[in-house]
Amino acid sequence: PYTTLFRSRLAAVRAKVAELAAARRPDVVHVEWTPLVANVPDGVGAPVVVSAHNVESDIWARYREAERGAARRAYVALQHRKVARFERAALAGAAGVVAVSEGDAAKIRAWTGQANVTVVPNGVDAARFAPVPGAADGSKELLFLGSLDWRPNQDGVVWFLDEVWARVRAAVPDARFTVVGRAPPPWLVARCAAAPATTVAGSVPDVRPYVARAAALVVPLRVGGGSRLKICEALAMARPVISTTVGAEGLD
């Protein structure tokens with residue numbers, strides 16, 4: 001019914017899950033992300049536990065709010081209804097659900113009637129993401145960090161360039177903006193290339209050097225759910241974080 005689900009629903013995966021469940025008779029089937037419930041066959045013969053990274057329908061509701069064009073807004077509203085229908089059934093029908101924040105857990109309980117919701121907050125390896133003293137001394141570099149094939153991150157980068165970056169540059173003319181994340185689409189690379197002092201690093205082998213040298217991490221999200229691991233990583237490395245309310249939600 002919607003793009004993420006179509007991309008995640010694979011006949012070969014569904015067949016393999018059925019084969020393994022019949023052969024191994026598992027005590028539990030763990031589904032790591034709500035859309036992947038589409039690959040759990042009927043009659044799998046074991047309780048199904050779903051790890052809900054986000055409340056997916058909330059993300060689509062925010063897409064709808066952020067859209068300006070009437071036609072696009074109507075399209076997103078239709079997708080929102082389809083996402084909500086699938087997600088509600090998937091979570092309500094599970095034996096249990098794992099949420100990443102108390103806010104998400106409360107929404108899932110109230111909306112789906114699912115009573116067995118456990119909160120397991122996102123965290124970070126504090127030893128691996130340790131501060132690097134002096135790495136950011138004198139830095140005027142702002143950093144965006146996040147998967148660039150995910151629409152909320154694309155929207156956030158564009159909004160930051162359109163609404164914020166010129167004001168930052170007016171106050172700090174030699175400020176720089178670096179965008180790090182996997183799979184940046186060509187249109188986003190071109191949009192960033194057209195902005196002053198903006199670089200798209202794309203996929204990098206290790207994000208820690210970028211975080212360590214940044215004056216601050218920016219999280220300009222207007223659309224999102226769950227909680228942001230990149231904020232945990234930046235704070236673990238003792239770097240300032242500047243975020244929208246949506247960007248920082250789920251982190252008490």
Side-chain angles (χ1 to χ4, degrees), residues 3-4 7-8 32-33 35-36 51 53-54 59 100 121-166 168-169 172-244 246-251:
T3 304
T4 304
R7 213 166 44 204
S8 304
E32 187 62 30
W33 192 35
L36 297 179
S51 181
H53 297 183
N54 313 284
I59 294 176
V100 301
N122 284 331
V124 64
D125 183 341
R128 176 173 170 77
F129 285 89
V132 182
D137 288 355
S139 175
K140 295 181 181 179
E141 179 180 13
L142 296 182
L143 173 67
F144 179 91
L145 176 61
S147 299
L148 298 173
D149 54 357
W150 196 49
R151 185 176 168 186
N153 285 338
Q154 297 169 359
D155 176 82
V157 170
V158 171
W159 179 83
F160 181 80
L161 291 175
D162 287 346
E163 303 294 337
V164 181
W165 187 225
V168 173
R169 292 272 297 169
V172 185
D174 53 348
R176 294 180 295 119
F177 182 40
T178 300
V179 179
V180 172
R182 73 179 182 213
W187 70 263
L188 184 61
V189 174
R191 176 65 186 84
C192 291
T198 298
T199 301
V200 178
S203 298
V204 298
D206 189 351
V207 302
R208 290 174 297 171
Y210 291 88
V211 178
R213 77 186 193 208
L217 178 79
V218 294
V219 189
L221 297 187
R222 301 189 298 167
V223 176
S227 66
R228 249 56 64 201
L229 284 167
K230 55 195 168 193
I231 294 181
C232 298
E233 292 168 354
L235 294 180
M237 296 189 74
R239 303 317 309 133
V241 176
I242 305 165
S243 178
T244 59
V246 169
E249 71 180 0
L251 295 172

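Everything numeric in this text was worked out from a predicted model, so none of it was measured.
Contacts of Ala212 classified as side chain to side chain contact (heavy atoms under 4.5 Å, CB included), with partners at least two apart in sequence or in another chain: Val132, Ala135, Met237. A search for side chain to side chain contact (heavy atoms under 4.5 Å, CB included) contacts involving Ala248 returns Ile231, Ser243, not counting sequence neighbours. Partners of Arg151 according to the side chain to side chain donor-acceptor pair (under 3.5 Å) rule, which considers only residues two or more places apart in sequence or in another chain, are Glu67. The side chain to side chain donor-acceptor pair (under 3.5 Å) check on Arg213 picks up Glu141, with sequence neighbours excluded. Under the side chain to side chain donor-acceptor pair (under 3.5 Å) criterion, Thr244 pairs with no residue at all, not counting sequence neighbours. Legend: residues meeting salt bridge (Lys or Arg N to Asp or Glu O under 4.0 Å) with Asp137, ordered by chain and number and at least two apart, are absent. Residues passing the salt bridge (Lys or Arg N to Asp or Glu O under 4.0 Å) test with Arg169, sequence neighbours excluded: none. When the side chain to side chain contact (heavy atoms under 4.5 Å, CB included) test is applied to Ala216, the partners found at least two apart in sequence or on another chain are Leu142, Pro240, Ile242. Residues that satisfy the salt bridge (Lys or Arg N to Asp or Glu O under 4.0 Å) test with Glu233, not counting sequence neighbours, are absent from this structure. Applying the side chain to side chain donor-acceptor pair (under 3.5 Å) test to Asp174 and every residue at least two apart in sequence or in another chain returns Lys140.
The salt bridge (charged side-chain N to carboxylate O under 4.0 Å, His left out) analysis of residues 180-201, with sequence neighbours excluded, yields the pairs Asp149-Arg182, Asp162-Arg191. Residue pairs meeting the ring pair (Phe, Tyr, Trp, His ring centres under 6.0 Å) criterion with at least one partner in residues 174-207, sequence neighbours excluded, are Phe160-Phe177, Trp165-Phe177.
Remark: Thr178 OG1 to Tyr210 OH distance equals 8.0 Å, nearest 0.5 Å.
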